[in-house]
Each structure stands twice: as C-alpha cells, then as structure tokens.
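Report on the structure given below.
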Amino acid sequence: MSARRSAMFLSAVALAAALAAPAAAPAQDEPETDAEEAAPAAAPAGARSATGAPPMAVPADFGGSLQVVRAPAGTAGAAAAAGGGPEIFPDARRVWMSVRDTDPVPIEAARRGDRWLCSGGGCAAQTGDPGQSPIGDQILRSIKLQTPTLPLPLTVWGRLSEDGQRLLDFDPVLLGRRSYRHVCAYRPVAPLADAARSPAGAPGVPAASPRGNVDHVDVCRDGRPEPPPPDAGELTLGMQWPKQSEMADFHYLAIVDSCGNARVQPFQRTFTVPVLEVASGGCGRPDGKVLRVFPGGGWLRVTAFNLHEPAAGNVVNATYRVTIPPLENLVESNPARLLFPDPLADDLKVDCGPTPIAPRADPGSAPPPGSARPPGPTGPAAAPPGGRPPPRAATGQPRGGAGTPPAGAGQGPPAAAQGGPRPPPRAALPPPRLAPGADPSRPGPQPLAHGAVVISPAPLRLGNCRIRLTGQTKHRLVAPLALHVSLTRTDQLRGGAPIELLQDGTWIVTPSSAEFPLPPLAEDFDGDARLRLAVYSDPLSPQGKVVLLSDAGRVASSLRSSDPGEPERARRLVGSVAIHSVPLCGEDNFETLEAAGSCFRTYLTVPAMLATLQITRAPWVEKPLVTRSVLSAVGVALAIDRYDPVERRAFPVAAQLGGFVQTLGEGRVGLLGYVGIAPTVPILGSGGNTTSFGFLAGIGLEYITNEAGPDEGLKPAAFLSAVVQVGQAAPQVSTSRSASFGTYAGD
C-alpha cells in the first residue's frame, strides 16, 4: 500500500510540474537553428546581468528578425582572429547617427573601436530572413501628424478597416516640413586614410574621426531650433517592440532608414520616432538629423542592443526590418484625402465694386522673392541656358517612389562643394504689381475675420462682389478643396430663421480658380439690410479631395465609413463678416465700420409751420413788428445733416436752406428765403425717413406783397416756428474718405 501511495504522489508531482512549466512562445517564420545555438550560452567572464537574476529557463523568441548577435559562447581568440567582432548595430560605420535622451559618448566611442562587449571579436552574428516578415512589420503601430495648430496628434495611418487591415486616412504631402537643422549628429566612422583627407565638420557637427581614435569624444549638442510655422507638420512613427522578444536588459534602440541616417535612444518597448516625408527628389545627402520616409513606402531597421552587458541569456542585439507603408494611395477608388493647412484670418477676403472687378495680383498670394518652393509635386523645370537640364533637388524621393535611394544618391558633395563651376545666381522675382488704376487709399477687400463692414447696395444688386482665397498656401492645392458659402439676411426673419439669399453655396477651390462670385441680389434684399456672409469647410463633400487640418480629427471615421453621414453636420465655420448695406455713405467697395463713420447727407423736406413768431421790420428803419400766425406757411427746404448708417441715427440738428410762402394777414403774402436749423429726430419710421416735429429757427429775406395797398418790398426777417417736416433722405455726399455726389467712383 505504501509503494502504491508513493507512486501516486510522484505522478501528481510530475503532472503539476508539467502544467506549471512555461510554454515556448510560438515562432513565426523562425529560421532553423541547431541545438547548440538554441541553448543559452554561458555569460563571459566579468559580465553580469543588470538585474542579477539567473539566465531565463526559456530563451526569448527572435523569429522573423534580420540578425541576432550573441555574446561569446567559447573562446574569444578564435573569433577575433577571424576578422574582428560585429558593429554595435548594423551599418554603424556607414550611417550618420544622432543620439537622443541618453549619453552619446559611450555609443560614439564604441563605434570608433573603444572597448565594449563585442570589441574583442567573440560575438557571433546569426543572420535571419533578409526579406519582409510579419513580426517586423507589426512593430509599426501608427503614424501620427503633429502641427503647432493641432492640440493633439492626428493619426494618418493605423486605423483598422473592416477586414483588419490598417489604412491610410490622410495624405500629408501638402503640409509644410518642420526644420531639423538644429539637430546634432555624428559622422560615419572613416578609415584612417579617409579620415586624414576628410574636411572639417560643419558647425554643430563633430568632424570625422578615424576608426580606433577614441582619445576624445565630443558631446554632440543641438543648436537652437527654428520656430515652426503654423502649417509645419511633424510625422511620428509609433512603434512597439515584439512581445515575444521583449528584453528587460536591452539598453538602447537604434532606428536606421534606407538613406544612411540613424537615431539612437534608450530602449523602451513602446516608443516613438520623428520622421520627415520626402516628397520630391531622392534621399539626398545623409546627415543623421532625422529619418526619411517616402510617399511610395520604404523600410526601417530597428535594433535593440547593449554595450557592456548582455541581454537575457546571451543576446547582445537583435534587428528587425519594419516596412513603412506608402503615404499616398493611388490604387483604391476612394483614396485618402490630402491634408491642407487652415486658411489664416486674412486669407479669405470679400471684394466688391460698381463694375466687374478684373483679376489683379494679390501681394499676399505670391511667394516672397527668394523663398523656398512650398512642398508638393512640381512640374518639370525649364532647362538653363546651354541645353543641359537642371540637377534634381537632393532633398527626398519622387512622389510615388519605392523608398530606396537611387544609385549614387548621397555618395558625395555637389559639384559646387567639389570645386566645380557654380551655377549663376537666380535673379530675384520682381514684386507683384497692382492692377492699373488701383488706389490704395480707397476702401479695398476686407478679410472674413468675423468683423463687420459697410457698403452701398449697388454692387450687391449688380453682382459685382466675390470671395477670394489668397495666401501662399493656395499654390499647394493639387486637388479640389470644397467650401460652402452662406449669405443670410439677419435683420428680417422668415419662419423664425434668417433669410438665406444663396441657393447654391458650393465653392470648389483650385489654384487656378480661387474666387466665388456672389450672384446679383434682388429678392429679399433692399437698400437698407443687414447681411451675414460666412464660409464653411465642407470635408464630406464628394466634390472635394482635400481636408483642412482642423476638420481631420472630427471626420476621420466618417470618411472611411460606408455611411459617411450628413455633409451639413460636418461643416465648420472658417470665416465670416457682417455686412451693413445702407443707401448712405456708400463707397465703391467694402470698408470697415471704423473707416465708414458718419457722413453728411442732403435731402429735400417739406416743413409746415404750426405757429410762428416772426420779426419782419428792420429796426433801424422803423419800429419792429411782430407777426403771429397759426398754420400760415408751407415751404420746401434742402436739409443737410450728419448720419450714422450703421446705427441708423442722425445728428439731432440739421441745417436748412429753403423758402416759405406765408399768409401774414390783412391781405399780405410773404415770400421768405431763409437759412436755419431744425431737429432731425424722426417720429415716424427710421433710416432715411426724416418725418419730424420740432422748432425751426432761421434768418433771411422776405418780400411782402399787399392786396389792399402798396407792396412793402424786400425786408430782413427772423423767425422761430413750431413745424412738422416730412422728407426722405437720399445718398448725396460722403465724407468718410472722399466725396461722391450721387455716383460711385470705383475701379
């Protein structure tokens, strides 16, 4: 019985041990290895683990890797005699290197030949599959875009589709590029003969050092970064080290592109890497400042490595190949939309005039002389004198390239740096000229910066108004941008809502057509109206292929959805302006409220005297005679007052020049011509209606006739009357900027 119990107990212990043992991680495309390579090698003398823990019982799985370097498994002398050890990461002697967030001196010293774990030559490199591997491609998790105007990074690639594939949501080629000139990078380590002939390094870049020269290593320090413009985009790759090969003892990460640039940073399982999308040209000359990616796709090498301590087991470094997807989509029927920077406050302008406006050069729409060409595709350049085509800019790869640098790209300095003939300097572009007859002192186009402007109704009635998109970024548009224009009347309502005056407000903007003409306004519009002109983005419009940056985060899911939703709900206000259309103080174009101010107006009015106190005798001729009469005079007068068309309010006193026909009693009739003052406070209506009640005071000359006796002749007169005046104002004289008597003197 005791033997049977002992056997049952031993069986239970064996079963529990089998269940508790960790299972080996599943390998994917794992290369064949023999038993000696699979077994963990003993650590070399003097080497210790960072944590002090014993080697792992089950080695990590590096299936799908390009290369794995292991610590010495036997004697180091034999391996050293075979030609020396491997580099700290692949191609370390041929790439430029920038080190971030850690001390660069040990890494650069190891590249030059200082003592590190594999400097004795005892490490062995195990080569894996050189092609593409799913495990390496899964390291790239997302591609995000950050600009100074974005509160949060925008995902342009990494969203999963219905079938589980990652998709490109937005193409960032139309955005500006952030400058990385301030980044300091180490040159490749040159052999002794090449280092002696190499020129001195550029400012902020250490000079090339020969292999084996480790007497002194300069600390590569960054310069002062340039402030990025609002449209400068920075692409960031979000990566994650494979879980099955996670190493707690790895100290560094090296990310190398296909153009000879490397970025080294501390090891983290989840990390980010800034990159620069090269939209035109080839790789260019490597400088190590930033990694390059291409619209047509490419690849990176990601290496986790150590310098003085092995990783778990005996692994010194491990390298994976990561495929970078194309940042453009030329295959799908519904490709990713292009990102475009938001217009500035002064880029959208409304312009009007009494006659159709001829196109004219806008100083804000042309690039300044000597400025760099904005990013994006360009056409073929004209050949210089002599028939030879101009050299291609070595700043990137042509849009749609394969991501591999062309043969000979970045192999040496340009001809000018080698002492060859320099090309003649390009002449500066002449400044843009305004159209003939344009007067800068007159009111001009006004921005849709959510302000208010004043204009006379004539240009709106004639359809001589238009909205223009200006600015330098307009020249980057290689695809249509959809906007929506709304013009509503706000001082009158229909059904409780403002009256919409535009039937179709769709505006498709292209570089050659960046104007939206406002149609002639007739229905629901009169000479005294309050309008609101607004421009909205229309990111879900099927006619547009460009999305503004501020809309991308809101509509990303709708653009990839089979049911995109209502385009009206996705619109966003970009610019607006309140328009005061008034029949007074009108100019031939828009002007701001501050510039418009008040103006003089002249109009005819009919005063009727209710009661009059009048002196009709000359005091130096005879005694004064006071004439009192009720409803005894009716006249006509030309009134001049000052009127504010925005507030619709006149100065309370107006000057008058007119005449009366009076009944003075006892058969006498007087014809009085006078200059006087009278109130303008209306009692009926508003705006141009001048019906008022008040007192009229004036002086003048009166000719008195008499039916019963001789005429009294021409005599001076002064009077004060209570009057009712009925009149209607009409635009005559404007003193806001210039005078125009009933006409418009526009371009």
Side-chain angles (χ1 to χ4, degrees), residues 66 87 89-100 130 132 140 143 171-173 175-190 194 198-199 201-202 205 208 232-237 254-264 273-303 319 321-328 372-378 380-381 389-418:
L66 280 175
E87 297 176 300
F89 55 83
D91 294 335
R93 300 181 188 179
R94 294 192 294 270
V95 300
W96 291 65
M97 178 187 70
S98 63
V99 183
R100 322 307 301 170
Q132 184 176 356
L140 181 62
I143 302 178
D171 187 341
V173 70
L175 298 180
R177 306 290 186 268
R178 184 173 179 181
S179 174
Y180 294 93
R181 297 178 182 176
H182 64 283
V183 177
C184 182
Y186 290 98
R187 295 176 177 269
V189 178
D194 296 341
S198 63
V205 180
E234 179 182 15
L235 287 177
T236 303
L237 307 182
I255 305 96
V256 184
D257 64 9
S258 59
C259 297
N261 304 287
R263 175 186 171 95
V264 178
V273 180
V275 295
L276 177 70
E277 182 190 9
V278 182
S280 61
C283 277
R285 190 174 182 179
D287 54 12
K289 296 180 180 298
V290 64
L291 304 180
R292 270 77 164 180
V293 296
F294 304 97
W299 52 268
L300 299 175
R301 290 196 305 268
V302 180
T303 301
T319 302
R321 182 184 187 276
V322 180
T323 301
I324 303 299
L327 296 180
E328 64 180 0
R373 184 189 64 82
T378 59
R392 296 175 60 185
T395 57
Q397 180 167 349
R399 186 167 175 79
T404 304
Q411 299 299 325
Q418 296 178 355

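The structure presented is a predicted model; accordingly, all values stated were derived computationally and were not measured.
Within the 4.5 Å cutoff, the side chain of P295 has heavy atoms near those of the E277 side chain. Using a 4.5 Å heavy-atom threshold, the side chains of I324 and L300 count as touching. Using a 4.5 Å cut-off on side-chain heavy atoms (C-beta onward), S98 and R263 make contact. Looking only at side-chain heavy atoms (C-beta outward), E328 and V173 stay at 4.5 Å or farther from each other. The shortest distance between side-chain heavy atoms of P90 and V256 does not fall below 4.5 Å. Considering only heavy atoms from C-beta on, D91 comes within 4.5 Å of R301 through its side chain.
Across all non-hydrogen atoms, the minimal contact from C259 to F294 is SG-CZ, 3.4 Å. Contact detail for Y180 and K289: the closest heavy-atom pair is O-CD, 3.3 Å. The shortest heavy-atom contact between V290 and R292 is O-NH1, 3.0 Å. When all heavy atoms of D257 and L291 are compared, the pair lying nearest together is OD2-CA, 3.5 Å. Contact detail for P130 and L66: the closest heavy-atom pair is CA-CD2, 3.4 Å. Across P286 and G260, no two heavy atoms sit closer than the pair CB-O, 3.5 Å.
When atom types are taken as modelled, the side chain of R177 and the backbone of L175 share a donor-acceptor pair closer than 3.5 angstrom. Within the 3.5 Å criterion, the main-chain N or O of R93 finds a donor-acceptor partner in the side chain of E87.
In this structure, OG1 in T303 is found 13.5 Å from CZ in R321, a value given to the nearest 0.5 Å. Between M97 atom CE and N261 atom CG the span is 12.5 Å, to the nearest 0.5 Å.
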#### Entry: I143/L327 under side-chain contact (heavy atoms from CB on, under 4.5 Å): CA gap, chis, key distance, verdict
CA-CA 10 Å; I143 302 178; L327 296 180; 3.9 Å; yes

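Between R181 and D287 there is no salt bridge, since no side-chain N of the basic residue sits under 4.0 Å from a carboxylate O of the acidic one.
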